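Note that the structure is predicted; figures quoted are calculated from it, not measured.
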Amino acid sequence: MNPSTGIEVRTIGDDDVPAWSRALHTGFLQPPVASKEEIEIRRAGMDLDRTQGAFDDGRCVATFRTFAQRLTVPGGASVATSAVSNVTVSPTHRRRGLLGRMMANDLRAAKERGEAAATLISAEWLIYGRYGFGPATWTTEWEVDVAAAGLDRRYAGPTDGGRVDFVDPGTVRELGPALHERLRAARPGFIDRDERWWRRATGDLRPAGRPWTEPFYVLYRAPDGDVEGLLAYTAEDVWEAKRPHGTASVLDLIAVSTEAERALWHFLLSVDWITTVRSGFRAPDDLLPLLLPDPRAAKVTTHADLLWLRPLDVPALLEARTYAQPGALVVEVADLDGYAGGRFLLEAGPDGAARCAATARPADLALAARDLGALYLGDESVVRLAALGRVAEERPGAAARAELMLRTARRPWCPDVF
């Protein structure tokens, strides 16, 4: 007997949002109560046509939601993706194929909408590979022992003519979006942030009674007054035996120039009474450790996958990005679900631009859709995946050629969890 028999999977309506929200809480191990204000705030950010629930005898037992997203790819262009979020199955209804049904519905709809890929942040590694997703970006978090870092504690501000200033949340909402868009256009892996994101990040959109600690907000302005960096952090004021042991935790640090990035880190690492700085999720090749006279003062506390990508339109994806070296590759993609399967000829010109189309030529490389997802933004190594048996080299030297074409000078980075 099919264990999901009698369970209805469908898009939800307005009347379902309260039950859907309670199921979401249950799946994320939160108290299964959602206030009226929370439900109203949540509903305002939902596209019900892209929101699914599973219902057993009228009770919502699984949740699934997507939203439109723009993902920056190597070269600075962006592609339309379907961002998967709020995925839960209640403990009473696991192993009944509910996630598979909701995922199949959504990927089919995303393909029909013309979205080039689907993306998500995977809570568990083993879940999403079977749906064609692969880890496309990674993240690292450091904890810095400030006293051991070797920085000059007499630091009094930027020496390049720029300045660092505290600002209020309103100023962040005014100036932050444009700054982020400038950085998003230059860094593969970045995703767009809408007005709702900025309101939530600055405490302007949250249910009453929900715990909230207002961060400190700091801007870096270049000598010409242009805003080039933003830092948001919280601080714990702890003393032991009349000695400070404060910890600063970075919530967001974005910068469009290395001067801004260095200045904001140096500022935070020189705040009086702060003895430990937690970096938050950063790119694995972030400047932070090597900014310190003693990089060993920065201890890695997290290194893990972050953004996962599932190809849906291979020619659109491969034509959208640029390539470090010119060349031609025939790639055969296996996709059991059929969305991205086929054999494709990629031709990258000397200017980095590319063309890609279906072809009958013999394949140079063969791989699964999930492994193309892992390789697409330039972070993963084709040669390494070939050594693992996940990429088949059908023509000698093809893996090394693909490596040179696909990899990026800086690792792609997605600073946001969604």
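Between Arg184 and Glu181 there is a salt bridge, since a side-chain N of the basic residue sits under 4.0 Å from a carboxylate O of the acidic one. Salt bridge Arg384/Glu380: present, at least one basic N to carboxylate O contact under 4.0 Å.
Side-chain N/O atoms of Arg173 and Thr202 include a donor and acceptor closer than 3.5 Å.
With hydrogens and angles ignored, the 3.5 Å screen pairs a side-chain donor or acceptor of Ser381 with a backbone N or O of Val383. In this structure a side-chain-to-backbone donor-acceptor pair under 3.5 Å is present from Thr63 to Asn86. When atom types are taken as modelled, the side chain of Arg200 and the backbone of Glu195 share no donor-acceptor pair closer than 3.5 angstrom. Remark: side-chain polar atoms of Arg282 are paired, donor with acceptor, to backbone N or O of Leu253 under 3.5 angstrom. The main-chain N or O of Ala260 is found under 3.5 Å from a side-chain atom of Ser257 such that the two form a donor-acceptor pair. A distance-only check finds a donor-acceptor pair linking the side chain of His25 to the backbone of Pro31 [under 3.5 Å]. Of the possible polar contacts, none joining the Arg65 side chain to the Ser85 backbone as a donor-acceptor pair under 3.5 Å is found. Listed for the Asp168 side chain is a donor-acceptor partner under 3.5 Å among the backbone atoms of Thr171. For the pair Thr88 (side chain) and Gly27 (backbone), a donor-acceptor distance under 3.5 Å is absent. Remark: side-chain polar atoms of Ser122 are paired, donor with acceptor, to backbone N or O of Glu124 under 3.5 angstrom.
The side-chain heavy atoms of Thr275 and Asp145, taken from C-beta on, include no pair separated by under 4.5 Å. Contact of the Ser270 side chain with the Leu151 side chain is not registered, since no non-hydrogen atoms from C-beta on lie closer than 4.5 Å. Between Arg221 and Val164 there is no side-chain heavy-atom pair separated by less than 4.5 Å. A heavy-atom distance below 4.5 Å is not found between the side chains of Leu307 and Trp413. With contacts defined as side-chain heavy-atom distances shorter than 4.5 Å, the pair Val84/Thr119 does not qualify. Counting heavy atoms from C-beta outward, Val218 and Asp165 have side chains that stay 4.5 Å or more apart. Residues Leu230 and Leu179 are in side-chain contact: their nearest non-hydrogen atoms beyond the backbone lie under 4.5 Å apart. Considering only heavy atoms from C-beta on, Asp226 comes within 4.5 Å of Arg182 through its side chain.
Evaluated for a salt bridge (charged side-chain N to carboxylate O under 4.0 Å, His left out) with Asp16, the options Arg22, Arg59, Arg10 yield exactly one hit, Arg10. Partner Leu377 forms a side chain to side chain contact (heavy atoms under 4.5 Å, CB included) with one of Thr137, Thr72, Leu406, Thr408 and no other, that one being Thr137.
With values rounded to the nearest 0.5 angstrom, Leu292 atom CG is found 9.5 Å from Trp265 atom CH2. Expressed to the nearest 0.5 Å, how far CD of Glu38 lies from NZ of Lys36 amounts to 14.0 Å. In this structure, CG on Leu107 lies 10.0 Å from OH on Tyr131, to the nearest 0.5 angstrom. Expressed to the nearest 0.5 Å, how far NE2 of His93 lies from SG of Cys60 amounts to 10.0 Å. The CZ atom of Phe190 lies 4.0 Å from the CG atom of Leu183; values are rounded to the nearest 0.5 Å. Taking CE of Met103 as the start and CD1 of Ile127 as the end, the distance is 9.0 Å to the nearest 0.5 Å.
At most 12 heavy atoms of other shown residues, nucleotides or ligands fall within 6.0 angstrom of atom CG in Leu336. When the shell of 6.0 Å around CZ of Arg94 is examined, it contains 12 or fewer heavy atoms from other residues, nucleotides or ligands. Open room surrounds CG on Asp57; 12 or fewer heavy atoms of other groups in view lie less than 6.0 Å from it.
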Next on the checklist: Does Met46 form a side chain to side chain contact (heavy atoms under 4.5 Å, CB included) with Trp20? I'd like the steps, not just the answer.
Outcome noted: CA-CA 12 Å; Met46 297 169 70; Trp20 190 93; 3.9 Å; yes

Item to check | Verdict with supporting geometry, Arg199 and Asp204, salt bridge (charged side-chain N to carboxylate O under 4.0 Å, His left out) | outcome: CA-CA 5 Å; Arg199 291 186 63 196; Asp204 188 52; 2.8 Å; yes

Checklist entry - Where do Ser279 and Glu143 land on the side chain to side chain contact (heavy atoms under 4.5 Å, CB included) test, with the steps shown first? => result CA-CA 6 Å; Ser279 71; Glu143 184 174 280; over 6 Å; no

Item to check | Verdict with reasoning, Arg411 to Asp285, per salt bridge (charged side-chain N to carboxylate O under 4.0 Å, His left out) | outcome: CA-CA 7 Å; Arg411 296 181 70 173; Asp285 59 351; 5.6 Å; no

Next on the checklist: side-chain hydrogen bond (donor to acceptor under 3.5 Å, both in side chains) for Asn105 and Gln52? Distances and angles first, verdict last.
Outcome noted: CA-CA 9 Å; Asn105 291 341; Gln52 300 179 68; 3.0 Å; yes

Checklist entry - Are Asp47 and Phe67 close enough, and set up right, to give a side chain to side chain contact (heavy atoms under 4.5 Å, CB included), and what steps lead you there? => result CA-CA 7 Å; Asp47 180 346; Phe67 57 93; over 6 Å; no

Next on the checklist: Asp337 vs Arg310, test: salt bridge (charged side-chain N to carboxylate O under 4.0 Å, His left out). Steps then yes/no.
Outcome noted: CA-CA 11 Å; Asp337 297 318; Arg310 202 276 187 225; 3.5 Å; yes

Checklist entry - Yes or no on salt bridge (charged side-chain N to carboxylate O under 4.0 Å, His left out) for Arg193 and Asp416, after CA distance, side-chain angles and deciding distance? => result CA-CA 9 Å; Arg193 294 176 175 178; Asp416 296 330; 2.8 Å; yes

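In terms of heavy-atom proximity, Arg262 sits nearest to Leu291 at CG-CD2, 3.4 Å. Listed here is the closest heavy atom pair of Ala320 and Val79: CB-CG1, 3.4 Å. Here the closest heavy-atom approach between residue Asp313 and residue Ala316 is recorded as OD1-N, 3.1 Å. Taking every heavy atom of both residues into account, Gly129 and Trp308 meet most closely at N-CZ3, 4.1 Å. Across all their heavy atoms, Arg410 and Leu287 have their closest contact at NH1-CD2, 4.3 Å. Considering every non-hydrogen atom in both Leu329 and Ala402, the closest pair reads CD1-CB, 3.5 Å.
For Ala348, the side-chain contact (heavy atoms from CB on, under 4.5 Å) test picks out Tyr323, Ala354, Met405, with sequence neighbours left out.
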Do any side-chain atoms of residues 235-248 form donor-acceptor pairs under 3.5 angstrom with protein atoms, and if so which ones, sequence neighbours left out?
| unit_1 | atom_1 | unit_2 | atom_2 | d |
| --- | --- | --- | --- | --- |
| Asp237 | OD1 | Trp239 | NE1 | 2.9 |

Quiz: residues 295-303 side-chain donor-acceptor pairs under 3.5 angstrom, not counting sequence neighbours:
| unit_1 | atom_1 | unit_2 | atom_2 | d |
| --- | --- | --- | --- | --- |
| Thr301 | OG1 | Glu141 | O | 3.2 |
| Thr302 | OG1 | Glu141 | OE1 | 3.3 |
| His303 | ND1 | Thr140 | OG1 | 2.8 |

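Note on ring orientation: taking the six-membered ring where Trp is involved, the planes of His266 and Tyr155 are parallel (angle under 30°, cut-offs 30° and 60°).
Taking the ring centre of Tyr220 as origin, the terminal cationic atom of Arg163 falls outside the region bounded by 6.0 Å and 45° from the ring axis.
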